[in-house]
Amino acid sequence: MISPEQVKAMIVAEMPDAQVEVQDLTGGGDHYQVSVVSSLFAGKGLVQQHQMIYGALKQAMSTEAIHALALKTSTPKS
């Protein structure tokens with residue numbers, strides 16, 4: 001199990017300008033909806049943006065601390 005605060009910290013560690021909102025969808029600490037706004041997404045497609053988030057959460061995803069992840073990503077102007 002991983003807390004929403006830990007999920008946010010892992011993303012911000014990789015993307016310091018990110019505005020991150022994390023919602024635990026089931027209350028069990030392993031199904032999350034994450035919204036990330038970052039200027040680092042500029043010029044990148046949706047798949048690339050999501051890959052950046054998966055990269056930041058790689059350790060938690062590989063150990064199945066996070067079992068399911070719904071993502072919403074955007075740049076500050078979109």
Side-chain angles (χ1 to χ4, degrees):
M1 186 160 79
I2 187 169
S3 74
E5 293 80 17
Q6 289 172 305
V7 172
K8 181 177 180 176
M10 293 171 82
I11 294 169
V12 172
E14 294 290 321
M15 305 173 70
D17 80 323
Q19 298 171 19
V20 182
E21 294 180 19
V22 181
Q23 182 179 15
D24 187 342
L25 295 176
T26 62
D30 63 349
H31 289 70
Y32 288 103
Q33 177 172 304
V34 179
S35 297
V36 182
V37 178
S38 174
S39 62
L40 297 175
F41 293 145
K44 294 183 172 39
L46 191 60
V47 170
Q48 290 173 308
Q49 293 174 15
H50 288 195
Q51 287 173 333
M52 291 171 71
I53 302 302
Y54 284 122
L57 300 174
K58 183 178 179 178
Q59 181 180 0
M61 298 289 292
S62 67
T63 62
E64 294 190 19
I66 297 175
H67 180 71
L69 187 64
L71 295 175
K72 293 180 182 179
T73 56
S74 64
T75 60
K77 294 182 181 182
S78 63

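The residues of the chain are indexed from 1 along the displayed sequence.
- Other residues, nucleotides and ligands contribute over 12 non-hydrogen atoms within 6.0 Å of the CD atom of Gln33.
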* **Worked verdict on Asp24 versus Tyr32 for side chain to side chain contact (heavy atoms under 4.5 Å, CB included)** => CA-CA 5 Å; Asp24 187 342; Tyr32 288 103; 3.8 Å; yes

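- Minimum heavy-atom separation, Ala18 to Val36: CB-CG1, 3.9 Å.
- Taking all atoms of both residues into account, the shortest heavy-atom contact from Met1 to Gly28 is SD-O, 3.1 Å.
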* To do: Please lay out, stage by stage, how Glu64 and Asp30 fare under the test side chain to side chain contact (heavy atoms under 4.5 Å, CB included).
  => CA-CA 8 Å; Glu64 294 190 19; Asp30 63 349; over 6 Å; no

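- To the nearest 0.5 Å, the span separating CE on Met15 from OG1 on Thr73 amounts to 8.5 Å.
- Nearest approach of Leu57 to Val7, heavy atoms of both residues: CD2-O, 3.9 Å.
- Between Gln49 atom CD and Thr75 atom OG1 the span is 7.5 Å, to the nearest 0.5 Å.
- Scanning all heavy atoms of the two residues, the minimum distance from Ile2 to Ala60 falls at CD1-CB, 3.9 Å.
- Heavy atoms only, all atoms of each residue included: Ala56 and Glu14 are closest at CB-CG, 3.6 Å.
- Cluster annotation: Val37 and Met52 are assigned to distinct hydrophobic clusters (Ile/Leu/Val/Met/Phe/Trp/Tyr, side-chain heavy-atom contacts under 4.5 Å, transitive).
- The CD atom of Gln19 lies 9.5 Å from the NZ atom of Lys8; values are rounded to the nearest 0.5 Å.
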* Asked: Is there a side chain to side chain contact (heavy atoms under 4.5 Å, CB included) between Val22 and Gln6 once you walk through the steps?
  -> CA-CA 10 Å; Val22 181; Gln6 289 172 305; over 6 Å; no

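- Note on Tyr54: it clusters hydrophobically with Val12, by side-chain heavy-atom contacts below 4.5 Å among ILVMFWY residues.
- Residue Glu21 places its CD atom among 12 or fewer non-hydrogen atoms of other residues, nucleotides or ligands, all under 6.0 Å distant.
- When all heavy atoms are compared, the tightest approach of Asp17 to Ser38 is OD1-OG, 2.7 Å.
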